[in-house]
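Here the structure is laid out as structure tokens; the discussion comes afterwards.
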2 protein chains.
Amino acid sequence: MLTEERKQYILQVLDHEGIIRSQELMAALNASESTIRRDLKELEEESLIERVHGGAQKIGLLDFEQNMVEKSSENVHEKRQIAQYAASLIDKNEVIYLDAGTTTLAMVPFLREKNLTVVTNSVEHASALADFLIPTRVIGGNIKLTTKAILGSKSVQELKQYRFNKAFMGTNAFHEEYGYSTPDPEEAAMKTTAMEQADLAFVLADHTKCGQVSFAKVADLSQAAIITDQIPAEILRKISKKTTITEVSK
Amino acid sequence: MLTEERKQYILQVLDHEGIIRSQELMAALNASESTIRRDLKELEEESLIERVHGGAQKIGLLDFEQNMVEKSSENVHEKRQIAQYAASLIDKNEVIYLDAGTTTLAMVPFLREKNLTVVTNSVEHASALADFLIPTRVIGGNIKLTTKAILGSKSVQELKQYRFNKAFMGTNAFHEEYGYSTPDPEEAAMKTTAMEQADLAFVLADHTKCGQVSFAKVADLSQAAIITDQIPAEILRKISKKTTITEVSK
DNA sequence: ATGATTTTAAATGTTTTTGGTTGATTTTGA
DNA sequence: TCAAAATCAACCAAAAACATTTAAAATCAT
């Protein structure tokens, strides 16, 4: 791994996440403590980052308000945990589908050095993937203005031309009886197709999505493995044994 | 393998991937370590690439802050003027194509209230258009990592299924004899097709692009109207009367 | 064909990068 | 507050990458 590659990765992570600890960088970049430390030192000397005890942060990241609000309103930590675990399931040289959504977006920094091709229907994901220099293909179609997801019948049609090793999906709701669902039927159609075109489908969902039902059905629970942080035991019992569930926080 | 061939290859790779190791180049080009190193050295002396320990990278791939400086030092004002004039040419309810590039990006804020449908091959433009709540369609295809433009034969194919009222193109170079050109052949193919699919094509180019020639030809000058800030009078005389030129600063 | 020039590959020693070790410093939790 | 744990800074030796030289091979001009 080239020094400049590492530095660029660090800058990108900081740009996307704001703060990072050295330990995480060591793991993500397969580099020794000294190496990471040296990189951080040099980046600091170029005043591209700000070093803090245990890691580094974006320069001028002292807007407590904005960050604290942002971070605490959403369960960022759980999402990152889920994302990291999901990324660990990916093998080298695979072609994966990355669905729109914040949890799948958190997977991006963990996708390096796997020689992947990533296909996505999210403009935001595509941009982040490019930032991390990961070869990426965007599905064509109409942009949903609120989420910047790419949807529509032509997009579904394009998806059907591809085949993925693994698909990583977000969801708004999953329910033991009604399966995965989402408010927008167009979005649901897209998700359904992507899952069909993958050898293995994974749904990333934090506990707030558990037991919920939304307007448009995407698939039955059994059609994907669930990766989540925690599920109430009584719901866990109700879910058919055919569905694989991983709780990353345990 | 000719020296120039190797250099072209190296530049292409860097343009798409951003960074490359010497070892990879040795393998890809069947050349010895010294040869690759010499190529890199010469390319660096021409300041076409930036050499780093272990390989080379695209110039300025790392300098966020320099990028910011560059953005502000560059002729933003001219670009915005050009963009605003270009946007004023658009009628209500049209379908327009927006090419990748900084000048066309500057058009986005002027596109509201026109009831347009915008088609683009740029992830960045798509995101900005969505922010401005402008109905947008993205072309599908591979993302060029350094510019986030969407390219490739499938993208060209998709473009051919559409028809635009107007197409607004960026360019790296235009020349009275050699027409419009750009460094990346894939990008050129995309531009050529987009212009063919539009009833009217406009090329937005500030004066720095005037009289320049780049690697891959996009089209003849006569195939689009030029919108620019200023053109030297003697070049203006050389350009055929068939080409419409608008100088917005006057 | 011949000699001049360019391009290439191998060999040399030098510099840079890297991961581990040391002891000092800071943070954490009782 | 104190002690354990984590992090840090400084140093060292091995490995990787570098610049330079040299000679062979290919290309070019005459």
Side-chain angles (χ1 to χ4, degrees), chain A residues 1-14 17-62 64 67-68 71-72 76-77 80-81 84 109-110 112-115 132-133 249, chain B residues 1-14 17-63:
Chain A
M1 159 114 318
L2 265 52
T3 308
E4 292 303 319
E5 271 183 283
R6 282 198 311 274
K7 288 193 185 176
Q8 187 175 339
Y9 177 86
I10 293 171
L11 286 176
Q12 286 302 337
V13 168
L14 284 184
E17 318 253 334
I19 192 163
I20 186 84
R21 41 188 95 241
S22 310
Q23 293 292 344
E24 297 183 78
L25 288 175
M26 286 169 58
L29 296 168
N30 277 326
S32 73
E33 195 184 324
S34 333
T35 301
I36 296 298
R37 200 179 299 292
R38 249 189 307 267
D39 290 342
L40 295 180
K41 188 180 172 188
E42 289 166 14
L43 284 170
E44 182 177 51
E45 279 162 1
E46 302 170 60
S47 61
L48 292 171
I49 67 169
E50 201 167 300
R51 220 135 73 97
V52 297
H53 196 91
Q57 66 183 22
K58 212 167 159 178
I59 54 172
L61 183 71
L62 217 52
F64 282 103
N67 256 298
M68 295 309 258
K71 300 271 174 186
S72 60
V76 188
H77 185 63
R80 204 187 296 189
Q81 260 192 311
Q84 182 163 18
F110 301 110
R112 295 183 31 271
E113 296 275 303
K114 295 205 185 213
N115 241 319
F132 283 93
L133 302 181
S249 56
Chain B
M1 160 125 327
L2 263 52
T3 309
E4 285 307 316
E5 276 184 89
R6 282 198 311 274
K7 289 193 184 175
Q8 280 296 339
Y9 176 85
I10 294 172
L11 286 176
Q12 285 295 339
V13 169
L14 282 186
E17 319 262 329
I19 193 164
I20 186 86
R21 315 169 160 41
S22 312
Q23 295 291 344
E24 298 183 75
L25 288 174
M26 286 169 58
L29 296 169
N30 274 329
S32 74
E33 195 184 324
S34 355
T35 301
I36 295 298
R37 188 157 296 124
R38 201 152 358 86
D39 290 342
L40 296 181
K41 189 179 173 187
E42 289 165 14
L43 284 169
E44 184 180 47
E45 279 162 2
E46 302 171 59
S47 63
L48 293 170
I49 66 169
E50 196 169 305
R51 221 135 74 96
V52 297
H53 198 93
Q57 67 183 21
K58 196 175 171 174
I59 55 173
L61 188 65
L62 199 57
D63 332 291

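Fair warning: this is a prediction, and the values are worked out from it, not measured in the lab. Residue numbering restarts at 1 for every chain, and letters A, B, ... go by the order of the sequence lines.
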Q.
Within the 4.0 Å heavy-atom criterion, would you say A/Met26 contacts the bases, only the backbone, or no part of the nucleic acid?
A.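 If one applies the 4.0 Å heavy-atom cut-off, A/Met26 turns out to touch nothing in the nucleic acid.
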
Between [X] ([atom1]) and [N] ([atom2]), how many Å, whole number?
X	N	atom1	atom2	answer
A/Glu33	D/dC12	CD	P	19 Å
B/Arg38	C/dA10	CZ	C1'	12 Å
A/Leu40	D/dA10	CG	C1'	17 Å
A/Arg21	D/dC8	CZ	P	11 Å
A/Asn30	C/dT18	CG	C1'	14 Å
A/Leu25	D/dT7	CG	C1'	14 Å
B/Glu4	C/dT7	CD	C1'	13 Å
A/Glu24	D/dT7	CD	P	11 Å

So, is [X] close to the [N] phosphate, meaning a side-chain N or O under 4.0 Å from OP1 or OP2?
X	N	result
A/Thr35	C/dG19	yes
A/Ser32	C/dT21	no
B/Arg37	C/dT7	no
A/Ser22	D/dA6	no
A/Gln23	D/dA6	no

Q.
Strictly below 4.0 Å, N to O, side chains only: are A/Arg112 and A/Glu5 in salt-bridge contact?
A.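 No, this pair does not count.
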
Q) Nearest nucleotide by nearest heavy atom, which residue falls closer to the 5' end of DNA chain D, A/Gly55 or A/Leu2? A)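 That would be A/Gly55.
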
Nearest to the [X] side chain among [options], which nucleotide is it?
X	options	answer
A/Ser34	C/dG19, C/dT27, D/dA19	C/dG19
B/Lys41	D/dT20, C/dT8, D/dA17	D/dT20
A/Arg51	D/dA9, D/dT7, D/dA17	D/dA9

Q) Starting at the 5' end of DNA chain C, which residue's closest nucleotide do you reach first, A/His53 or A/Arg6? A) A/Arg6

Q) Nearest 0.5 Å, what's the CG-CD distance between A/Leu11 and A/Glu4? A) 9.5 Å

Q. Closest approach of A/Leu40 and A/Ala56, non-hydrogen atoms and distance?
A.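 It is CD2-CB, 3.9 Å.
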
Q: Identify the heavy atoms of A/Thr3 and A/Asp39 that sit nearest to each other, and give their distance.
A: CG2-OD1, 3.8 Å

Q) Do other residues, nucleotides or ligands put more than 12 heavy atoms under 6.0 Å from the CZ atom of A/Arg21? A)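 Open: at most 12 neighbouring heavy atoms sit under 6.0 Å from CZ of A/Arg21.
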
